[in-house]
There are 2 protein chains.
Amino acid sequence: MVTIKQISEKLHLSPATVSRALNGYPEVSARTRLLVEDTARRLNYRPNQLAKKLATGRSGMIGLVLPPSPDQSFDPTFYDVMTGLSRRLTELDLDLVFHAPVLEDEVEPFRRLVGKQAVDGFIVTNPKLSDPRIEFLRSDGVPFVVHGRDASPAPDYAFFDIDNFRVGYDAAKLLIDLGHRQLCFLNGPEDVHFSFERRRGFEQALRDFGSSPVFGTVRHGRMTETYGYMQALAALSEPENARPTGIACSSTIIAAGAMRAIRDKGLNIPADVSVIAHDDAPPQVHAMGFDPALTVTFSPLRDACRPLADILQGLLNGDNLAGLQVTEEAELIVRQSTGPSPLSKQVQGQTA
Amino acid sequence: MVTIKQISEKLHLSPATVSRALNGYPEVSARTRLLVEDTARRLNYRPNQLAKKLATGRSGMIGLVLPPSPDQSFDPTFYDVMTGLSRRLTELDLDLVFHAPVLEDEVEPFRRLVGKQAVDGFIVTNPKLSDPRIEFLRSDGVPFVVHGRDASPAPDYAFFDIDNFRVGYDAAKLLIDLGHRQLCFLNGPEDVHFSFERRRGFEQALRDFGSSPVFGTVRHGRMTETYGYMQALAALSEPENARPTGIACSSTIIAAGAMRAIRDKGLNIPADVSVIAHDDAPPQVHAMGFDPALTVTFSPLRDACRPLADILQGLLNGDNLAGLQVTEEAELIVRQSTGPSPLSKQVQGQTA
DNA sequence: GGCTCCCCCTAAACCGCTTTGAAAAACTAG
DNA sequence: CTAGTTTTTCAAAGCGGTTTAGGGGGAGCC
């Protein structure tokens, strides 16, 4: 392995100058810089990361801990985040160190990594409404950025989130605008912030557009196809006057289940029942291809990776927190799975 | 952060002694050692990993690169490996640094990590028959262990694999013993070693037990439910005399598809068609619950993680290669998805 | 008492890089 | 030509550990 010292000797320069030249410091002449850069290249010099890190006090490692999962199954969205994150961090010359917690203690990997001084910061995914990992990192003063957020009304940490209130709001609004008066929202788990926000948005829309009364029920659960199927089936089995004509889903996977249930009931989409979902574009489900094409609020998870990485870097550079709390809007894309309520003739006048 | 120097000053000892005491070197008195250990604990001393690594020349990091996937979808088995590996490596005080390649170049992440001197070794998963990653690492002299192996008849690297020849052989043998004379093998992709080996085993069994002629076709493809469904459907649509009564599958996911196809054809399992699969126990599919219970060759992926990690550690310690090439047997578990051939009366005499 | 031996410990070098403080070199101005 | 700046370079001190070479002092032996 070729070191800075070797280069300096070869060039009759001091290691200090070589280091400066390679790291773009101004106090080195252009000629010397070129010379150094050239020899470094020719000698195929690679700075020893460890030495660099020891000297600078930065490890260049970012901790990523697999979020705890209720059953031991895998959250496919995490995979998406992980790969996207890795790619972006690589560009920033940071590395991802991955840990899977032993199930009992979700904080332990963080404690361990912090104790070892092995990482400069963390990315926290799938935060709970009240999350012990966030609590720990905050109290320990370790830099971290959250994908999503916890329940605190004004978080004092860096995060990247989408406007989940709007997701719920827009879904409900669209359905209401189409004349639907009996809605059902198949939301995510009850203990995560995004579900909470979407529910708030959903219910706010019910209130805002309730010139004629609109009814909506919200159901919570793990976002699986089965959950979507079962809950939609249950909703559609209600007596006629409580049966939803518009179903909002917190994920495309849920929507897949819901649509299956609708069909099993002998109903048509969107003639009898409209379906809208939030789509964060997990590749598995995208490939599925919905028929009819699904109306969604759209915000690809992968798109979150770049900001997440960049926010973290900002954090490490000591940037102001204000710029490191990002909330993005999801895009409403209307396709064929939503249409006017089958009962809309009765209420059209009131809506318009 | 408390350092060795602080401890040494507090105790009026030299840093050298403290270092020795903490690392269990013999040339330090029992009394001193206890003293040092005790103060270290009280002061909550954590050795700086970077400094340690710089001094010892070991980074304590293991590289894990997401294997390239033909489409961009996720191989759920990789997740299993990743978590299991992380847990075991944590016990060995090693950390996993994760990289996702940009799609064009699967070797690049390795080159990068090696260049940065960021890792002590690699775990390579999903090897191809001829694999550029293995090629690179070998030529570069970096320690690595392969989960599976490539096509070389006598690999000169460390690996952990299951006896895939036997997997194919046992599956065919079981079906043949049950009187089946027309078999079909829905194997994995053509360009991976395990498929190749299983096919070899499968075909060997056909030859070994061919006192009465046995026919078997082997199909290759990506191991998805759809693949299983399509291929099984195709096989079952053959003219009567070429229609398989026993289907072997390279994974439980394939089997799920195959079983669906069998049912769609109005056939019964195992009365009309027997199904056997290889089961590496990915949690997603396990949960699925087969009906009838699936006969399998069994070897959980998770079980591979511990040996993989241990082999790698052996490698880093300079152990002899011979002990670091491990092939394990899969276990044959006969359940309800296999039964005598519906045509067995005709051939029973010849088999017994 | 003098000698060796062993045990326990220390001083100092080292890992490869960064960074501070100061000196040398190269300009600029008077 | 000298004094004063500015630019460029260097020596040396870290970063926090490990490790080598060596030293003090008590025990054992003659």
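Proteins get letters first, then strands, A, B, ... in listed order; numbering begins at 1 in each.
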Taking the six-membered ring of B/F159, is the NZ or CZ of B/R149 close enough (under 6.0 Å from the centre) and on axis enough (within 45°)?
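Here B/R149 passes the 6.0 Å and 45° test against B/F159.
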What is the distance, to the nearest angstrom, from the [atom1] atom on [X] to the [atom2] atom on [N]?
{"X": "B/K5", "N": "D/dA13", "atom1": "NZ", "atom2": "P", "answer": "13 Å"}
{"X": "A/R58", "N": "C/dG16", "atom1": "CZ", "atom2": "C1'", "answer": "19 Å"}
{"X": "A/Q6", "N": "C/dC17", "atom1": "CD", "atom2": "P", "answer": "9 Å"}
{"X": "A/L50", "N": "C/dC14", "atom1": "CG", "atom2": "C1'", "answer": "15 Å"}
{"X": "B/K52", "N": "D/dG16", "atom1": "NZ", "atom2": "P", "answer": "15 Å"}
{"X": "A/R31", "N": "D/dT7", "atom1": "CZ", "atom2": "C1'", "answer": "14 Å"}
{"X": "A/Q117", "N": "D/dC15", "atom1": "CD", "atom2": "C1'", "answer": "12 Å"}
{"X": "A/Y25", "N": "C/dT20", "atom1": "OH", "atom2": "C1'", "answer": "12 Å"}

Assess the residue pair B/H99 and B/L113 against the criterion (side-chain contact (heavy atoms from CB on, under 4.5 Å)); give the C-alpha distance rounded to whole Å, side-chain angles, the decisive distance to 0.1 Å, and a yes or no.
CA-CA 9 Å; B/H99 265 249; B/L113 251 22; 3.7 Å; yes
For the side chain of B/R20 and the base of C/dT10, is some donor closer than 3.5 Å to an acceptor across the two?
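Check passes, donor-acceptor contact within cut-off.
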Report yes if at least one side-chain N or O of [X] is closer than 4.0 Å to OP1 or OP2 of [N]; otherwise report no.
{"X": "B/S19", "N": "D/dT18", "answer": "yes"}
{"X": "B/T56", "N": "C/dC15", "answer": "no"}
{"X": "B/Y45", "N": "D/dG17", "answer": "yes"}
{"X": "A/T17", "N": "D/dC10", "answer": "yes"}

Which one, [options], comes nearest to the side chain of [X]?
{"X": "B/T32", "options": "C/dC9, C/dA12, C/dG16", "answer": "C/dC9"}
{"X": "A/P47", "options": "C/dA12, D/dG16, C/dC17", "answer": "C/dC17"}
{"X": "B/I4", "options": "D/dG17, D/dC10, C/dC8", "answer": "D/dG17"}
{"X": "B/A55", "options": "C/dC8, C/dT10, D/dG17", "answer": "D/dG17"}
{"X": "A/N23", "options": "C/dT18, D/dT8, D/dT19", "answer": "C/dT18"}
{"X": "B/A16", "options": "D/dG17, C/dC17, C/dT10", "answer": "C/dT10"}
{"X": "A/E27", "options": "D/dT19, D/dG17, D/dT8", "answer": "D/dT8"}
{"X": "B/S14", "options": "C/dC17, D/dC10, C/dA11", "answer": "C/dA11"}
{"X": "B/N48", "options": "C/dT10, D/dG17, C/dG16", "answer": "D/dG17"}

Checking side-chain contact (heavy atoms from CB on, under 4.5 Å) between A/R302 and each of A/T83, A/L85, A/V81, which is the one that passes?
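That would be A/T83.
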List the atom pairs, with distances to 0.1 Å, where a side-chain N or O of residues 115-125 of chain A and a protein N or O form a donor-acceptor pair under 3.5 Å, not counting sequence neighbours.
unit_1	atom_1	unit_2	atom_2	d
A/K116	NZ	B/D93	OD1	3.4
A/K116	NZ	B/D95	OD2	2.7
A/Q117	NE2	B/R46	O	3.4
A/D120	OD1	A/S59	N	2.8
A/D120	OD1	A/S59	OG	3.2
A/D120	OD2	A/S59	N	3.2
A/D120	OD2	A/G60	N	2.7

